[in-house]
Amino acid sequence: MDYKKIILKPKKDESLRRFHPWVFSGAVQRKDANLEEGAIVTVHTSDGEFIAVGHYQIGSIEVRVLSFEETIIDGAFWEKRLTAAYEMRKAIGLIRPDNNTYRLVHGEGDNLPGLIIDIYGDTAVMQSHSVGMHESREAICEALKTVMGESLRNIYYKSETTLPYKAELGAENGYLYGGREVDNIVTENGLKFHGDWLKGQKTGFFVDQRDNRSLLEKYSDGRTVLNMFCYTGGFSFYAMRGGAKSVHSVDSSSKAIVMAEENVKLNFAEDPRHKAFAEDAFKFLRDMEHGQYDLIVLDPPAFAKHRGAIKNALQGYKRLNAVAFEKIAKGGILFTFSCSQAITKDMFRLAVFSAAAQSGRSVRILHQLTQPADHPVNIYHPEGEYLKGLVLYVE
Ligand code: SAH
C-alpha cells in the first residue's frame, strides 16, 4: 500500500485502538508532504505500526477511517461495505414492496464516514459530506449498481450543499446513473409519498422518523392533531390513517406545504380532515386556542448546528415546548423531538422538563424515542446518535 502516511504522536493511538473512526489534528505528529484533501492515507503509530486507512481532510478531524485493516480502497472495498449495509437492511425486514424507502448507508454507522445513501424505490440518493467521498463517487456508484443489481435504476448525486464549503469543488447535483424514467412515488409502511430529491430538503424526505410516525399513528384515533414543522407531511398521513378527527400541518416553507398537501392527496384523495398552513411555528402556536389540539408533534430543524450554539438551542427548545404545554388539551399527547447532534438526550430532556415546569401541568413520559435501525449508531462512535424524542401525556 503506497498511500501517503500520517504519523501519530506517542500514545495518541488509544481511541483508534478502540475503533473510534476519527483522527483529530491534535493527535498528529507529522504527515507526508503535498497531502491533498480527500486523499486516501494510512495512519501509523509513532513507532510506524499501521493502525488505519481513511480519507484525509482539512480541519479538526484530519482522517475519517474507512478500515482498521490493511486494505486497498478499491471497487472491491466499496462493494464489501455496501453489501454489508444492504444485507443488514434486508435482515431486519425493512425492504418490502410496502416499504421501499430506507437509508442504505448512514456514515460512520455503516463504516463509511462522510457518506449517506437513501433509497427511494428504484432510486438511490447519494450525499457526500467529505471531499474523500466526493472523489470516490464514481467508484461508489459502480459498486452500488453491482450490489443492488436490478432493483436500482437511478442514482442521484446530491452534494451541492453538504461538502465542506472551503473545498470549492463545484459539485453539481445530478444523476450519475439513469435519470430518464424516474417514478418518484414511493412507499413507507404502506403509505405513499413523492420522493422529492430534486427540490426537497436533505435527500428529499426525513426517512429517520419512520418508526416514530408509526407510533403516532397508534395514538391518533379520534384526536385533533397538530403536525408542527410538518415538511412533506410524514406525520400527517400516518395520523390520518390512524383515524384522527382532524390533522393540521404547519411549516414555514410554502414549498413544503404544497408537497404535504400532495402527499396527503396521494393516500386519501380530497379528505376534509386535512388542512395545511404555511406559517411560522411560533406565530401559529401563539395564535392557536387553548385546548384546540390533543395530539401535537413538534419536529423542528436542528436548533444547534454546532457546539457553540447549544445554549441558545436549549432556550429555543424550552420556549417552543412551553407553548405546547400551555395550550395542549387536557389528556393531550405531545411528540417532541430534537435532531441536533450537539444536544444530548439529557440536555433535551432538561429543556423539556423546564418547559413543563413553567406550565405547571402534570406531565408523564410515555416513550423515549430515537433514530430507527437503518440509521445505526456504530458502538465505537457514540457521536452518531442524533435524533431524540419524548412522547408525553399532559393532564
Ligand atoms: N417532521 C418533518 C421534518 C421536519 S424538518 C418530517 O417528518 O418530514 C423541519 C421543518 O421545519 C422544515 O420543513 C422547515 O421548513 C421547517 N421550519 C423551519 N423553521 C420554521 C419555523 N420557524 N416555523 C415553521 N416551520 C419551520
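For reference, positions follow the sequence shown, starting with 1. Bear in mind the structure is a predicted one, so any value in this text is a computation, not a measurement. Whatever order the structure lists ligands and atoms in, that order sets their numbers, starting from 1.
The closest approach between a heavy atom of Lys283 and any atom of ligand 1 is not below 4.0 Å.
The closest protein non-hydrogen atom to atom 23 (N) of ligand 1 is Ala281 N, 2.8 Å. Summary of contacts: the protein heavy atom closest to atom 25 (N) of ligand 1 is Ser252 N, 3.0 Å. The protein heavy atom nearest to atom 18 (C) of ligand 1 is Pro301 CG, 3.5 Å. Nearest protein neighbour of atom 3 (C) of ligand 1, counting heavy atoms only, is Asp299 OD2, 3.4 Å. For atom 7 (O) of ligand 1, the nearest protein heavy atom (residue, atom name, distance) is Arg213 NH2, 2.9 Å. In terms of protein heavy atoms, atom 4 (C) of ligand 1 is closest to Phe229 O, 3.2 Å.
If you look at Tyr219 and His367, their ring centroids are closer than 6.0 Å. Between Phe237 and Phe268, a ring centre-to-centre spacing not shorter than 6.0 Å is recorded.
Near Asp280, the atoms of ligand 1 lying under 4.0 angstrom from a non-hydrogen atom of the residue are 21 (C), 22 (N), 23 (N). Against a heavy-atom cut-off of under 4.0 Å, Ser253 is close to the following atoms of ligand 1: 15 (O).
In terms of N/O distances under 3.5 Å, ligand 1 is approached by Gln201. Not a single N or O atom of Thr232, backbone or side chain, sits closer than 3.5 Å to an N or O atom of ligand 1. For ligand 1, the polar-atom distance check finds an N/O of Asp251 within less than 3.5 Å of one of the ligand's N/O atoms.
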Worksheet entry | side-chain hydrogen bond (donor to acceptor under 3.5 Å, both in side chains) between Glu188 and Tyr238, worked out | CA-CA 10 Å; Glu188 186 183 87; Tyr238 276 76; 2.6 Å; yes

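Salt bridge status for Asp110 with Arg89: present, with a side-chain N to carboxylate O gap under 4.0 Å. Under a 4.0 Å N-O distance rule, the pair Asp346/Arg349 does not qualify as a salt bridge. Under 4.0 Å is where a charged nitrogen must lie from a carboxylate oxygen, and between Arg210 and Asp374 at least one such pair does.
A side-chain donor from one of His44 and Thr42 sits under 3.5 Å from a side-chain acceptor of the other.
The two residues Cys230 and Ala260 make their nearest non-hydrogen contact at SG-CB, 4.4 Å.
At a 4.0 Å heavy-atom cut-off, ligand 1 does not touch Met228 at all.
Atom NE2 of His129 and atom NE2 of His134 lie 13.5 Å apart (nearest 0.5 Å).
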